[in-house]
Amino acid sequence: MEPQTENLKTAWQLSLGSYYISEEYGFLLPNPLRELPDHYRPWMEIAKKLPHLIESHQLRAHVNKMPLLSCQFLKSYRQQRLAHLVLSSITMGYVWQEGETQPKEVLPRNLAIPFVEVSRKLGLPPILVHSDLVLANWTKRNPEGPLEISNLDTIILFPGGESLRGFILVTVLVEKAAVPGIKALAQAMHAVLQPSQDALLEALQQLKLCIQDMTRTLGRMHDYVDPDIFYAVIRIFLSGWKDNPAMPMGLIYEGISKEPLKYSGGSAAQSSVLHAFDEFLGIHHSEESADFLYRMRDYMPPSHKAFIKEIHSAPSLRDFILSSGHGHCLTAYNQCLEALAELRSYHITVVTRYLVTAAARARSRRLDHLPGPPQALEDRGTGGTAILSFLKNVRDKTLEATLHPSG
């Protein structure tokens, strides 16, 4: 056996756990903490009252009085993840408390210094990311109960009430639905290396079913999230300071950098799941889409990014299927692509409802109970991309990967 193949075989015998991927929860952080050590009570007191403090325009005043705390008492990984969720949430509220017309362009040192410190420990950027808002922001109401929306709650919220809670928790359930696919992906890599056609076929069939389940789960967004509230209230708190006309210069992190720093806002592209599936299936996106997607990997926990890189370096599944002449595997592979394209088409439907249609409605009739519609990112995702053209391009490239039998 070639040394490189031997190394890859060894690498794929590593457990998912070595990449901080849970056998039960996938990329979700298992059983996130809800409380920090008592030293950090000033942070937690603010974080737990975020919706009220933002809506009453008092958050900035509270943050300005907050003591500067060191991160030295954050001993465990889960404590650091909760601290990042707490500090990133306070940061988003601080910057956007008065909406997009009056963003704060300087983050005070008592918030900026510990936020950057814990971000460096975790290898994450100092802004709210998917691994904060979703992966580390869920808890079971009854610890012994099932992972179902009726038994789930969030740890930290912004304004947006039940719609924000629904947005976060449905996304948690989509991540949970991806778990059998992540396992199938690992099994398929083993099957290519052994090689075993039967094991590969079984893994591909499992992956297809998993992607279909993710699409069904995403559909629950309509049951829990009001499009008008998502568009007019929630969205701004997911917005960043890169590719955002409301903050063209970026944000100064006082005590860290005298020059403004630029970071993209939260985006579904920061979820590791579809990156892993794309690499495994050998889908190549257009240059512009790929540039954004690769940049979003820097917004993931480093271990998850390493897992995606490991898949990329493994032997090509497409080449294996084509060279094996195994028709059933080729069919199953194409069915995975089809299921993934359907998921991406459905995501376009969701974005159209929550962004495009909601924007048109907000323009045509000012909703008395909601703030004025945001202008800066009107046709863009919170990550800063021209959202619909990006999603359609990614979907179309997925279908272009379809394999055709040779001969």
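Residues that satisfy the side-chain contact (heavy atoms from CB on, under 4.5 Å) test with Ile21, not counting sequence neighbours, are Leu16, Tyr19, Phe27, Ile182, His304, Phe307. Every residue was checked against the salt bridge (Lys or Arg N to Asp or Glu O under 4.0 Å) condition with Lys121, not counting sequence neighbours, and none meets it.
Lys392 NZ: 12 or fewer foreign heavy atoms inside a 6.0 Å radius. In the displayed structure, Tyr20 atom OH is contacted under 6.0 Å by at most 12 heavy atoms of other residues, nucleotides or ligands. Counting non-hydrogen atoms of neighbouring residues, nucleotides and ligands closer than 6.0 angstrom, the CD atom of Glu98 exceeds 12 such neighbours. The neighbour count for Glu202 CD, taken as heavy atoms of other residues, nucleotides or ligands under 6.0 Å away, does not exceed 12. Shown here is His312, whose NE2 atom has no more than 12 heavy atoms of other residues, nucleotides or ligands within 6.0 Å.
Judged purely by distance below 3.5 Å, without hydrogens or angles, the side chains of Asn244 and Ser239 never pair a donor atom with an acceptor atom. No hydrogens or angles considered: a donor-acceptor pair under 3.5 Å links the side chains of Ser286 and Ser289. Ser119 and His84 share a side-chain donor-acceptor pair at under 3.5 Å. With hydrogens and angles left out, the side-chain atoms of Tyr224 and Arg165 include no donor and acceptor closer than 3.5 Å. Side-chain contact annotation: Ser163 with Asp226, donor-acceptor N/O pair under 3.5 Å absent. Between Glu175 and His130, the side chains place a donor N or O and an acceptor N or O closer than 3.5 Å (distance only, hydrogens not considered). In this model, no donor atom of one side chain and acceptor atom of the other lie less than 3.5 Å apart for His285 and Asn393.
Between Phe292 and Phe390, the ring centre distance stays below 6.0 Å. Here Tyr231 and Tyr354 keep their ring centres 6.0 angstrom or further from each other.
Looking at Met221 and Thr171, their side chains come closer than 4.5 Å, going by heavy atoms from C-beta outward. At a threshold of 4.5 Å between non-hydrogen side-chain atoms, the residues Trp43 and Pro114 count as touching. Contact of the Leu74 side chain with the Tyr40 side chain is registered, since non-hydrogen atoms from C-beta on lie closer than 4.5 Å.
Of the options Leu36, Val118, Leu29, a side-chain contact (heavy atoms from CB on, under 4.5 Å) to Leu82 is made by Leu36 and by none of the others.
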Glu117 and Arg109: salt bridge (Lys or Arg N to Asp or Glu O under 4.0 Å), yes or no, with the steps?
CA-CA 12 Å; Glu117 189 182 343; Arg109 60 189 297 114; over 6 Å; no
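When all heavy atoms are compared, the tightest approach of Cys210 to Phe277 is SG-CZ, 4.5 Å.
A salt bridge does not link Lys208 to Asp213: none of the charged nitrogens lies less than 4.0 Å from a carboxylate oxygen.
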